[in-house]
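In this text the structure is predicted, and so the values were computed from the model without any measurement. Order of the sequence lines sets the chain letters (A, B, ...), proteins ahead of strands, with each chain counted from 1. All values below come from the heavy atoms of this structure, side chains included, with hydrogens, waters and symmetry mates left out.
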Number of protein chains: 2
Amino acid sequence: MRNRDELEAKSGNYFERHASDTAKEADIRDLFSFQLQRLAGLSTRIAALSIRPKYGVTPREWRVLAVLKYLGEVPLQELAKHSGLLKSQMSRTVSTMIERGYIAKTANPDDGRSILLTLSPEGLDLSRKILDDSFQRNEEMLSTLSHAEQQILVELLRRVTRTSSKYYHELRSSASQSDLRSMEEE
Amino acid sequence: MRNRDELEAKSGNYFERHASDTAKEADIRDLFSFQLQRLAGLSTRIAALSIRPKYGVTPREWRVLAVLKYLGEVPLQELAKHSGLLKSQMSRTVSTMIERGYIAKTANPDDGRSILLTLSPEGLDLSRKILDDSFQRNEEMLSTLSHAEQQILVELLRRVTRTSSKYYHELRSSASQSDLRSMEEE
DNA sequence: ATTTATTTGTTCACATTGTCAACTAAATTT
DNA sequence: AAATTTAGTTGACAATGTGAACAAATAAAT
């Protein structure tokens, strides 16, 4: 591993760094969220490469189809939650999917505001095909791990996602309450 | 050929999705890349929430600063590779970071085409602060895991990233040999 | 029962991110 | 010396993310 410390002097050490080289500098390569971002970016690029030319849908669109596949028949808001999108994003995505005939929309008899969304037969077919492709891609990506390791990875990610989601909502609610205080704080 | 009936697919009952004795429908929730995307999205949102208001930089900008922190002094292309960005993205990002005084640019004595980039003292200071914050955020996100589990997770991700990167380049070169993007992701 | 507040979905406006191609200037290769 | 490759910049545009305004419908409060 390369270390920055040798370059410390070059880039302007105004802080008269304390003599000890033992104090370890924080390194973004050790940061979980950094690894996560890079791998997710890779994953998206791989998916786009194999899906867009073949099926003519964006990663977001097929993700929505696949989520709707397991949800069955739900209002738009519900679909958005499970997909990790804002309702505004979902509204647009859904309307192009309706135009292309992959999603069907019916009125909700219990609530005049909401709509019920389902996959059309074509949408179900497409989502199956793409999902199969995706599982194949994932196998390639995970091929370096044993089956047991793959399961561990998936389980750890699941737990981290749960915890992070809670953390996120905490941050959000505490941020919206103290809007005026975020000016200084050093 | 799996031929699960439509009724089940649309039932929306995800507590019974494993109960079926027949061929199982593919489910995006079991897809590694889906989990990855959701968690990465969460992570970005959390980061943006705590960093943007406080330091006035976007997630991408601080990531670049932090990468440059460990690289020391490198040409733009090199910085792009390690950050997972295209050189066009990097060129723009760097030029705003130079405007704001976080990055310094000098000519490369060995190559008139390339430039050498380093963190300015302000950039170094900022990257340290944000990196500290980031490690704290990550601790929250990972708080559900034991220390040992965290290490396992990081190690598994590292291996998957390596394999995926190789896979990506295979796909790319087999798709079109002419347009080789030099983004080694490693 | 009427007013008020909340919720659902659509749309607008905009910021960030990602992709590709054209272009220059400087190496490198032939 | 000419052709090719490489480093970086810039333009154009697609995809994604965020927040707010808005109408219609429902729920809550008085």
Side-chain angles (χ1 to χ4, degrees), chain A residues 37-38 40-49 51-53 56-64 74-81 83-96 98-99 103 105-117 168 172 175-176 179, chain B residues 37-38 40-49 51-53 56-64 74-81 83-96 98-99 103 105-117 168 172 175-176 178-183 185:
Chain A
Q37 290 303 328
R38 299 213 47 202
L42 253 181
S43 168
T44 298
R45 258 170 263 142
I46 291 174
L49 214 56
I51 287 179
R52 201 168 320 191
V57 293
T58 67
R60 186 156 97 180
E61 287 166 348
W62 76 258
R63 225 173 284 152
V64 168
V74 287
L76 186 141
Q77 191 86 266
E78 187 77 5
L79 182 55
K81 269 188 197 127
S83 307
L85 297 179
L86 298 174
K87 62 177 181 175
S88 56
Q89 298 177 291
M90 189 52 79
S91 178
R92 285 182 227 271
T93 304
V94 160
S95 75
T96 78
I98 288 176
E99 275 175 26
I103 289 183
K105 147 180 168 179
T106 58
N108 186 347
D110 299 332
D111 189 332
R113 296 166 298 181
S114 95
I115 57 181
L116 292 180
L117 304 169
Y168 173 64
R172 257 192 97 76
S176 58
D179 265 347
Chain B
Q37 290 303 327
R38 294 216 54 188
L42 253 181
S43 168
T44 298
R45 257 171 262 142
I46 290 173
L49 216 55
I51 285 178
R52 202 170 315 192
V57 293
T58 66
R60 187 157 96 179
E61 287 166 348
W62 77 257
R63 225 174 284 152
V64 168
V74 288
L76 185 141
Q77 192 86 266
E78 186 77 5
L79 182 55
K81 268 182 205 162
S83 305
L85 297 179
L86 299 173
K87 62 178 184 177
S88 57
Q89 296 176 292
M90 188 52 78
S91 177
R92 287 181 231 269
T93 305
V94 160
S95 76
T96 79
I98 288 177
E99 273 175 28
I103 288 183
K105 148 180 169 177
T106 58
N108 186 346
D110 299 332
D111 190 332
R113 295 166 300 179
S114 97
I115 56 181
L116 293 180
L117 303 169
Y168 173 66
R172 254 195 101 74
S176 71
S178 61
D179 179 272
L180 245 229
R181 177 170 33 169
S182 48
M183 200 193 284
E185 299 280 355

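In this structure, B/Trp62 atom CH2 and C/dT17 atom C1' are separated by 16 Å, rounded to whole Å. The separation between A/Leu85 atom CG and C/dT8 atom P is 17 Å, rounded to whole Å. Atom CZ in B/Arg63 sits roughly 14 Å away from atom P in C/dT16 (whole-Å rounding). Computed from coordinates, the A/Glu61 CD to D/dT16 P distance equals 7 Å when rounded to whole Å. Rounded to whole Å, atom C1' of C/dT17 lies 12 Å from atom CZ of A/Arg60. Taking atom NZ of residue A/Lys81 and atom P of nucleotide C/dG9, one finds them 10 Å apart after rounding to whole Å. Here D/dA15 presents its C1' atom at 13 Å from CD of B/Gln37, a figure rounded to the nearest Å. The distance from atom CE of A/Met90 to atom C1' of D/dA15 is 15 Å, rounded to the nearest whole Å.
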Tabulate protein N/O versus nucleotide N/O from nucleotides 27-30 of chain C, keeping only pairs under 3.5 Å, one per line.
from: C/dA27; atom 1: OP1; to: B/Gly112; atom 2: N; distance (Å): 2.6

Enumerate the protein-to-nucleotides 22-24 of chain C contacts in which both atoms are nitrogen or oxygen and the separation is below 3.5 Å.
none

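Checked against side chain to side chain contact (heavy atoms under 4.5 Å, CB included), A/Leu79 has the following partners two or more places apart in sequence or in another chain: A/Val64, A/Val67, A/Leu68, A/Leu71, A/Val74, A/Ser83, A/Met90, A/Val94, A/Leu117.
Remark: B/Ile103 CD1 to B/Ile115 CD1 distance equals 9.5 Å, nearest 0.5 Å. The CZ atom of A/Arg92 sits 10.5 Å away from the CG atom of A/Leu86 when rounded to the nearest 0.5 Å. Between the NZ atom of A/Lys87 and the NZ atom of A/Lys81 there is a distance of 10.5 Å, given to the nearest 0.5 Å. Note that CG of A/Asn108 and CG of A/Leu76 are 12.0 Å apart. Values are rounded to the nearest 0.5 Å.
Base engagement by A/Ser91 is indicated by at least one non-hydrogen atom pair under 4.0 Å involving a base atom. Within the 4.0 angstrom heavy-atom criterion, only backbone atoms of the sugar-phosphate kind lie near A/Leu76; the bases stay farther away. Nucleic acid contact for A/Gln89: base, since at least one base atom lies under 4.0 Å from a heavy atom of the residue. Among the atoms of the strands shown, only primed sugar atoms or phosphate atoms (P, OP1, OP2) are found under 4.0 Å from some heavy atom of A/Arg52.
A side-chain donor from one of B/Thr44 and A/Gln37 sits under 3.5 Å from a side-chain acceptor of the other.
For the pair B/Glu78 (side chain) and B/Pro75 (backbone), a donor-acceptor distance under 3.5 Å is absent. The backbone N or O of B/Thr58 sits less than 3.5 Å from a side-chain atom of B/Glu61, completing a donor-acceptor pair.
Where B/Pro59 and A/Leu116 meet DNA chain C, the nucleotide closest to each residue was compared, and A/Leu116 sits on the side nearer the 5' end. Between A/Thr58 and B/Ile115, the one whose closest nucleotide on DNA chain D sits nearer the 5' end is B/Ile115.
No side-chain heavy atom of A/Arg63 sits less than 4.5 Å from a side-chain heavy atom of A/Leu85.
Of all nucleotides listed (D/dT9, D/dG19, D/dG17), D/dG19 comes nearest to the side chain of A/Arg172.
Below the 3.5 angstrom threshold, one finds a donor paired with an acceptor across the side chain of B/Arg92 and the base of D/dG11. The base of C/dC12 has none of its N or O atoms less than 3.5 Å from a complementary donor or acceptor on the side chain of A/Ser88.
Of all non-hydrogen atoms in B/Ala48 and B/Pro59, the two that sit nearest each other are CB-CG, 4.3 Å.
Checking the phosphate oxygens (OP1, OP2) of C/dA26, no side-chain nitrogen or oxygen of B/Ser114 falls inside 4.0 Å.
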